[in-house]
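Scroll down for the structure; my scribbles are underneath it.
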Amino acid sequence: GSQAMILKDFGLFLTSFLPILFVILVGATLLHKEFVRKTIYNVLSKSVTREEFLWGKFLGLAGAAIALETIFFIVVFCGVFFVEGAPNTL
């Protein structure tokens, strides 16, 4: 019924919104902390280019966002299954 529809809508909203918010907040704070603690200079003094450093940060955050979306999807799917009793098309 309507409880399952609300759960689906809210779950899909959270599944799409929270990983984006996570990537924005964590990405900004990670680079800021690298500059404040001056660890970026230590990393870049090695044989790592700036592009490789930024690609590594990007791919790490993308992997974390994909993992977060997967976890949210599983939680929403289980919640809908619990409320409805059987999976239905979203």
Side-chain angles (χ1 to χ4, degrees):
S2 66
Q3 188 179 15
M5 190 63 170
I6 291 171
L7 181 63
K8 288 178 190 177
D9 289 340
F10 189 67
L12 289 175
F13 167 73
L14 287 180
T15 302
S16 62
F17 178 71
L18 287 181
I20 294 171
L21 184 66
F22 168 79
V23 167
I24 291 171
L25 293 177
V26 171
T29 56
L30 275 179
L31 282 178
H32 177 71
K33 286 181 182 178
E34 292 277 349
F35 281 113
V36 168
R37 295 179 182 164
K38 299 185 191 250
T39 55
I40 191 168
Y41 302 117
N42 190 20
V43 171
L44 291 178
S45 69
K46 309 291 185 219
S47 62
V48 177
T49 63
R50 290 180 185 180
E51 291 82 17
E52 291 172 340
F53 177 78
L54 291 176
W55 273 109
K57 291 285 183 188
F58 171 76
L59 292 175
L61 283 173
I66 290 170
L68 198 58
E69 282 189 37
T70 303
I71 291 169
F72 282 143
F73 175 76
I74 291 170
V75 168
V76 169
F77 182 80
C78 291
V80 170
F81 185 77
F82 180 74
V83 170
E84 282 190 346
N88 195 0
T89 58
L90 297 175

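Side chains are part of it too, since the values below use all heavy atoms of this structure and drop only hydrogens, waters and symmetry mates.
In this structure, Phe77 and Phe81 have parallel ring planes: the angle between them is below the 30° cut-off, well short of the 60° mark.
Linking Ile, Leu, Val, Met, Phe, Trp and Tyr whenever their side-chain heavy atoms come within less than 4.5 Å puts Val23 and Val26 in one cluster. The hydrophobic clustering, which links ILVMFWY residues whose side-chain heavy atoms are closer than 4.5 Å, places Leu68 and Leu14 together. Taken together through direct or relayed side-chain contacts under 4.5 Å among Ile, Leu, Val, Met, Phe, Trp and Tyr, Leu21 and Phe58 form parts of separate hydrophobic clusters. When hydrophobic clusters are built by joining Ile, Leu, Val, Met, Phe, Trp and Tyr residues whose side-chain heavy atoms come closer than 4.5 Å, directly or via intermediates, Phe72 is not grouped with Ile74. A single hydrophobic cluster is not seen to contain both Leu25 and Ile20; linkage of ILVMFWY side chains at heavy-atom distances under 4.5 Å, directly or through other members, places them apart.
Closest of all the heavy-atom pairs between Glu69 and Thr15 is CG-O, 3.6 Å. A pairwise comparison of heavy atoms in Leu61 and Leu30 identifies CD2-CD1, 4.4 Å as the closest pair. Minimum heavy-atom separation, Ala65 to Pro19: O-CB, 4.0 Å. The two residues Ser47 and Glu52 make their nearest non-hydrogen contact at O-OE1, 3.8 Å.
In this structure, CG in Leu59 is found 11.0 Å from CG in Leu54, a value given to the nearest 0.5 Å. The CG atom of Asp9 sits 4.5 Å away from atom CE of Met5, with the distance rounded to the nearest 0.5 Å.
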side-chain contact (heavy atoms from CB on, under 4.5 Å) evaluation trace for Phe53 with Val48: CA-CA 7 Å; Phe53 177 78; Val48 177; 4.2 Å; yes
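For Thr39 and Glu34, the side-chain atoms include at least one donor-acceptor pair closer than 3.5 Å.
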